[in-house]
Amino acid sequence: MKLSLVVPCYNEADNVVPFQEAVIQAFDGCGYDYEIIYVDDGSKDATLHNLKKVFRAQKCPVKVVSFSRNFGKEAGLYAGIAHASGDYISFIDADLQQRPEIVREMVDYLETEPETDVVAAYQDRRGEGKILRFFKKCFYSLINRLSDVALRPDASDFRTFRKSVAESILALGEYHRFSKGIFSWVGYRTHYIPYTACDRVAGTTKWNFRKLFNYAIEGIIGFSTRPLRFSAYLGFLTAIAAIIYLVVVVLQKLFIGIDVPGYASIIVLILLLGAMQLLCIGIIGEYVGKIFEQSKNRPIYLAKEVLSYENED
Ligand code: UDP
Ligand code: MG
């Protein structure tokens with residue numbers, strides 16, 4: 001039995017060595033093999049340098065996949081699975097916010113419960129602000145209503161799964177990857193366990209509000225076509241309103257006779273209709289953009305270097 005730990009790293013220079021130590025400590029005497037697959041996501045600091053040091057130290061089996069530039073965490077996870085050879089695969093962050101001890105618990109659970117394919121951790125306590133929590137809540141209720149996949153609000157991508165699940169995830173070769181949706185889409189029986197995120201050992205989070213917002217849009221566009229239907233409905237409703245108003249105007253003209261029609265109402269109508277059209281074009285544009293990018297069939301990531309303990313003698 002073998003476990004593969006997939007660790008995406010972007011500017012985590014001061015975290016990789018402590019992370020490595022923590023993993024070795026956590027899996028000391030676990031009774032099975034494990035490998036760590038670090039994916040350097042085009043870091044601009046000494047992350048790759050430190051990863052190579054870790055690799056050369058050979059304290060445990062290590063692979064290092066280094067990207068030619070920053071492709072994003074989702075691409076990192078994909079590359080990690082592609083290079084994993086374990087029977088179980090875990091996603092874990094390099095900043096030690098997610099403790100390796102929990103991975104060991106996840107593996108133990110999968111070992112004892114053959115019916116379960118995935119053990120995912122969700123955060124029981126979150127140290128984030130009220131505004132962010134509010135937006136996250138809105139996002140999850142929106143995407144759960146819009147799309148066919150069900151997303152658990154507090155679940156992270158901190159999880160361990162069987163090889164079969166990994167193969168299914170790899171089979172989804174979409175360029176715009178939204179992990180939470182992909183996990184839900186592939187299915188499999190998932191068991192959730194709570195965990196409390198620790199503080200980062202070093203460095204800062206790569207997320208800010210703008211990135212989270214864009215990520216949320218990616219998720220909705222990637223897993224639902226309902227916004228398109230929404231724009232069709234909007235057009236339909238506008239057409240009905242226009243017909244009713246047309247009848248009213250004609251009747252007014254015939255029976256009452258219109259003095260000069262209101263300037264304000266015309267301006268309001270022009271602006272309103274213009275806004276609706278732009279909104280609908282925007283929605284369609286989002287999808288067209290995704291089709292365009294997918295149709296180019298570009299690789300999800302480019303690796304400039306892959307170091308593997310398997311190639312060392
Ligand atoms: N990460 C990455 N590529 C990116 C951004 C982040 O590989 O473009 C990695 C990062 O190094 C870390 C993990 O993804 O190991 C989670 O990132 P972060 O800690 O910034 O997110 P948070 O824990 O704040 O949600
Ligand atoms: Mg983190």
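Scope of the values below: all heavy atoms of this structure, side chains included, with no hydrogens, waters or symmetry mates. In what follows, residues are counted from 1 in the order of the sequence shown. Start at 1 and go down the list; that is how both ligands and their atoms are numbered.
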Identity and distance of the protein heavy atom lying nearest [atom]:
atom: atom 1 (N) of ligand 1; answer: Tyr10 CB, 3.7 Å
atom: atom 3 (N) of ligand 1; answer: Asp41 OD2, 2.6 Å
atom: atom 7 (O) of ligand 1; answer: Pro8 CB, 3.4 Å
atom: atom 18 (P) of ligand 1; answer: Arg200 NH2, 3.5 Å
atom: atom 23 (O) of ligand 1; answer: Gln97 OE1, 2.7 Å
atom: atom 21 (O) of ligand 1; answer: Trp207 CD1, 3.2 Å
atom: atom 24 (O) of ligand 1; answer: Thr205 OG1, 2.5 Å
atom: atom 6 (C) of ligand 1; answer: Lys206 CD, 3.9 Å

Next item on the list: In plain terms, say whether Lys290 and Glu174 are close enough for a salt bridge, that is, a side-chain N and a carboxylate O under 4.0 Å apart.
Entry: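 Salt bridge flag = no for Glu174 with Lys290.
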Next item on the list: Considering only NZ, NE, NH1 and NH2 on the basic side and carboxylate oxygens on the acidic side, decide whether Lys59 and Glu21 come within less than 4.0 Å.
Entry: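 Looking at Lys59 and Glu21, the cut-off is met.
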Check: How does Asn70 reach ligand 1, by side chain, by backbone, by both or by neither, if only non-hydrogen atoms under 4.0 Å count?
Finding: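 It is the side chain that touches ligand 1; the backbone stays farther off.
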Margin query: Please work out, at 4.0 Å between heavy atoms, whether the side chain, the backbone, both, or neither of Glu12 comes within that distance of ligand 1.
Written below: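 Contact part for Glu12 vs ligand 1: side chain (C-beta onward).
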Notebook entry, point to check: Taking the six-membered ring for Trp, are Phe183 and Phe91 parallel (under 30°), tilted (30 to 60°) or perpendicular (over 60°)?
Noted result: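 Answer is tilted, since the angle falls between 30° and 60°.
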Margin query: Quick check: of its N, O or S atoms, which one does Asp95 have closest to the Mg ion (ligand 2)?
Written below: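 The closest N, O or S atom of Asp95 to the Mg ion (ligand 2) is OD2.
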Note to self: Any nitrogen or oxygen of Ala94 lying under 3.5 Å from a nitrogen or oxygen in ligand 1? Just yes or no.
What the structure shows: yes
